[in-house]
Structures are given as C-alpha cells and as structure tokens.
Amino acid sequence: MTRKLDPQNQTKETVIKRAPLPVTHVSEAAPSRADIEQLRQDLLSHYDAHGRTLPWRIRPEDRARGVQADPYSVWLSEIMLQQTTVAHATPYWKRFLSEFPTVIDLANAERDRVLTLWAGLGYYARARNLHKCAETVRDLHDGVFPTTEAALLKLPGIGLYTAAAIAAICFNEPTNIVDGNVERVIARFFAVDAPLPKARKILRDLAGSLADPVRPGDYGQAIMDLGAKTCTPRKPLCVECPWQWKCKAYSLSTIQACAVTDYPKKLKKTSRPIRSGAVFVLTCGDGDATSVWLAQRPDDGLLGGMMGFVGTQWRDMKADDPSQDLQYAPYPKNWELLDGEIRHVFTHFDLRLRVYRAQISDSDRGHNINSGHEGSGAGDFASRDFDIAALEAGKFIRLSDIENYALPTVMKKALQHALQRAEL
DNA sequence: GATACGTGGCT
DNA sequence: TAGCCAAGTAT
C-alpha cells in the first residue's frame, strides 16, 4: 500500500514507515500494526455511533451510501472554522451559503460585500483570501474545485490543514489531517513531552501513523470530534474515550504520574502588550438620518480592507500621546473626548481606545468635507491641514444602512460608545 | 521559524 | 480579572 499522507514529507513511501520515534520526546514505542487497526476501528465505530451532525457534513445515512460532501460548502466551513468556534462560525456559514450558493456566485460578488458578511468573524485575511480563492477557482479551474491535496494547497487561504481536510472529506484522498484538536489528542495519546509549538512536526508524524487510508474523511472528522467533544483541553472525558485503552497520558494518570491535561505541553506565552490610541466619530444629521464618517482601511495588515473610524495609530502605551490626538482628526471641529475607553483584545495586543465625537451640520458637510483642502492658517486648529487622503477615502454612512458595511467588532464598539455617550 | 492576524466564551 | 482556547495561514 503506497500512500502519501503528508505533502511536506512525500519522499518516503508509506506513512506506516516513519522515522523511528524519538525516545526523548515520546514515552512509548509506536503501537503495533494490530493496535493501529484496532484504534482506527474504535474511532470510526465511535464516530458512526456518536458523530456530530454539523450542517456542512453529509448525513450519516448518505455517508453510508457513499455520498461525497460538496467541496464548496466544506471549503467555506473549513475557512470559517480556522481558529473559530463552531457556534460562532455556523450562522456565518449559513448566511454565506444563502447569499452565494455556488463558488461562482462568491467569485462574482464584490469583495466589499464578502467583507461585510464576514464582519465580526475576525481574521479578515481569511475573507480576502476566500474571495481570491473563489476567483481563482472560477478563472483557473473552470469553476470547479481541484480534487487533490496538492492542487488545493496552491489556492489562497488554503494551507496544510485545510487542503488535507477537503481532499479527504470530499475526495477520499488519504491525507493527514492535523489541526489543534488532533495535536492535543495525539500529544496525550503518545504522552509527547516536547512542548508546542516545537512538537508540531513530531505530532504530525505520529498523527499520520494512525490515520486511516480507507475512510480518510470520516477518520479525520472523527479524531477532530474526539478532540472537540471528548479529549477536551480542560476536562477530558476519558471514561467515554474509545482510545482510553491505549492512551499513554491516561495510563500515566492512573498511576498518578501526571494528569491527562498535562499534555500537550506548551511553552509559556508572553503576555500581551497594551496599545492605545484614539478614534474620531464624526456624525452628521440626527434621528433616523444620522450618518457617521467611515473610511476603508488599507488592504494589508490589521483589519485590512474593513471600514473604520479615522484615528491615531495604535501604539505601545508608553509611546501614545493623547495630547497629539487632534492632529489625526478627520475634520477640524470641537471634538469632545468621551468618558471611558474602549477595551478590545486582539491576538497580539490589548487595545485601549479613546473615542472623540463631533457633530457637523449638513452645510458643513457640503462645504468642507468634500473639498477638504483648506488649512492655510497658522496655529489655529480649525484651519490646520488635515489628512486629505483619509477624507477622500471615507464617506458618511447612514446608521440605518451601516449593516451593509464591513465594520469590525472593535469599530462597532467605538460606535456604540459614541452613540451611548452622546445621549447622556 | 517566529510573528501577525479577531473575536467570544469559559474559568 | 486575566489567561486560555477555537477545524490555521501567510510572510
């Protein structure tokens, strides 16, 4: 039996024949062939009996009849589920599929519309790549998803995990599906002492040694389910685990040498720095006609391509200087610094955001905002030069229409803050 | 290989 | 509260 389970590791013939397990990292030798067969069977039986019904999965009875999943909806789910919980992603998946029933529909959509539907899901590069990927499938693949792991891997936003998952689930290719769940299950099963993230390669190889080539998609989903529902990060339910009989961490835990949750070992994360800055919420009109000034952020970097309020840079607390805030205002006006701060957590920093607010009349709007070139006076804030580029990129958006714009959560918080404080 | 990249839920 | 975690990818 020749099969490739790892696109990064294709030089050798089979998965079973891996490099010898490094004794320093693993507490026990690899399971026997017979054990591996038993483990596969245990997991798949467990999956057939208890597998979750998720909307992008085909139903068990259809699966039994050999029906294959739809690559478009599986791909959509896999991208959305990257670093995201099922509960959070599911409503988005339904909305996307409803508005874009096929990959062609998605490719033909405006990117801004895609970003709007994605708003709130986070990691917005996923949405930009999602659209790019759909365009690629439309333009380079006749509107049909490629069917191999290697070809899928070339598409934007599809990495090692997603390519393996789609190829296995939709096309029955015997790939090695490794996500965070699998890493945890495998680290416990083999009691791998090497800490994450350095242990990735070891865990990947160990995972590949167990992966089932006959039902690769079911196996992959089964082991991910096992990690999500049974072999959970905090309180694993070893009592119901089909792999308990061979699990090294469980075995060690029964002789009180360790707890199952000691695995996977991981390096301590450095604490998140705190950054701060300010945003300016400029409103125009009132009541139902209230509009706010929003600009599209540059395509690259944080919240790339999303809409947001104009503001200062977000800098390390120590480098942030509130006395300079008004130089970044989108419009010369008597800005009110609102009480309180927005707090928002990003992956790599905590943000504290001051919110300024000002209101302009419709006459101001017509006269100044759209021309935006005055500012020759000296010293007077009301006549300074302001950021014309930011102005030209922005526009007034009706609050009643704001759901049609790609506003990330941090900006929604700022808007809420400004509107609430304004009422006081 | 390390770092950038969102958000919400749970303890 | 503060930290951890969730079906990772791109650079």
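Just so we're on the same page: letters track the sequence lines, and every chain starts at 1.
- Between the P atom of C:dG8 and the CG atom of A:D179 lies a distance of 5 Å, rounded to the nearest Å.
- Using P as the reference atom, B:dC10 and C:dA7 are 15 Å apart when rounded to the nearest Å.
- Under the 3.5 Å distance criterion, with hydrogens and angles disregarded, a donor-acceptor pair is assigned to the side chains of A:D42 and A:W245.
- Distances from the side chain of A:K269 to the nucleotides C:dC5, C:dA7, B:dG6 place C:dC5 closest.
- No N or O donor and acceptor, one from the side chain of A:R126 and one from the base of B:dA4, sit under 3.5 Å apart.
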Within the sub-3.5 Å range, which N or O atoms of nucleotides 8-11 of chain B have a protein N or O partner, and how far apart are they?
none

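- Residue-level contact check: A:P408 touches the backbone only, with heavy atoms under 4.0 Å from sugar-phosphate atoms and none from bases.
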Give the C-alpha distance, both sets of side-chain angles, the deciding distance and a yes or no for side chain to side chain donor-acceptor pair (under 3.5 Å) between A:D112 and A:Q296.
-> CA-CA 10 Å; A:D112 284 350; A:Q296 185 162 34; 3.1 Å; yes
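- Looking at heavy-atom distances under 4.0 Å, A:G301 makes contact with sugar-phosphate atoms alone, never a base.
- In this structure, A:F349 places its CZ atom 13 Å from C1' of B:dT3, rounding to the nearest Å.
- Looking at heavy-atom distances under 4.0 Å, A:A87 makes no contact with the nucleic acid at all.
- The side chain of A:T162 places an N or O atom within less than 4.0 Å of a non-bridging phosphate oxygen (OP1 or OP2) of C:dT9.
- Within the 4.0 angstrom heavy-atom criterion, base atoms lie near A:W56.
- Ring orientation note: the planes of A:W75 and A:Y72 are tilted relative to one another, at an angle of 30° to 60°.
- Between A:L155 atom CG and C:dA10 atom P there is a gap of 10 Å when expressed in whole angstrom units.
- Between A:R128 and A:G304 the shortest heavy-atom distance is NH1-O, 2.9 Å.
- The interatomic distance linking A:R52 (CZ) with C:dA7 (P) rounds to 8 Å, in whole Å.
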Go through the steps to decide whether A:D212 and A:R215 satisfy the test salt bridge (charged side-chain N to carboxylate O under 4.0 Å, His left out), and finish with yes or no.
-> CA-CA 6 Å; A:D212 179 60; A:R215 294 175 58 187; 5.9 Å; no
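- Using P as the reference atom, C:dT11 and B:dG6 are 14 Å apart when rounded to the nearest Å.
- Residue contacts for A:R200: at a heavy-atom cut-off of 4.0 Å it reaches no nucleic acid atom on any strand shown.
- Look at A:K266 and you'll find a side-chain N or O under 4.0 angstrom from OP1 or OP2 of C:dC5.
- With hydrogens and angles left out, the side-chain atoms of A:D225 and A:Q221 include no donor and acceptor closer than 3.5 Å.
- Within 4.0 Å (heavy atoms only), A:L303 reaches sugar-phosphate atoms of the nucleic acid but no base atom.
- A side-chain donor-acceptor contact under 3.5 Å links A:E78 and A:Y161.
- Straight-line distance from the CG atom of A:L196 to the P atom of C:dG8: 13 Å, rounded to whole Å.
- Within the structure, every side-chain polar atom (N or O) of A:Y123 is placed at least 4.0 Å from both OP1 and OP2 of B:dA4.
- Of the residues near DNA chain B, A:K198 and A:A125, the one whose nearest nucleotide (by heavy atom distance) lies more toward the 5' end is A:K198.
- In terms of heavy-atom proximity, A:H131 sits nearest to A:A109 at NE2-O, 2.8 Å.
- The distance from atom CZ of A:R272 to atom P of C:dC4 is 9 Å, rounded to the nearest whole Å.
- When the side-chain nitrogen and oxygen atoms of A:Q83 are compared with OP1 and OP2 of C:dA6, none of them lie within a distance under 4.0 Å.
- Separating the CH2 atom of A:W314 from the C1' atom of B:dC5 is a distance of 12 Å, rounded to the nearest angstrom.
- Phosphate proximity of C:dA10 to A:R128: absent, as no side-chain N or O sits under 4.0 Å from OP1 or OP2.
- Geometric assessment of A:R275 against the ring of A:F349 yields a positive cation-pi assignment under the 6.0 Å and 45° thresholds.
- Residue contacts for A:L267: at a heavy-atom cut-off of 4.0 Å it reaches no nucleic acid atom on any strand shown.
- Counting to the nearest Å, the P atom of C:dA7 and the CD1 atom of A:I169 are 13 Å from each other.
- Toward the 5′ end of DNA chain C lies the nearest nucleotide of A:R343, the other residue of the pair A:R343 and A:L54 mapping further downstream.
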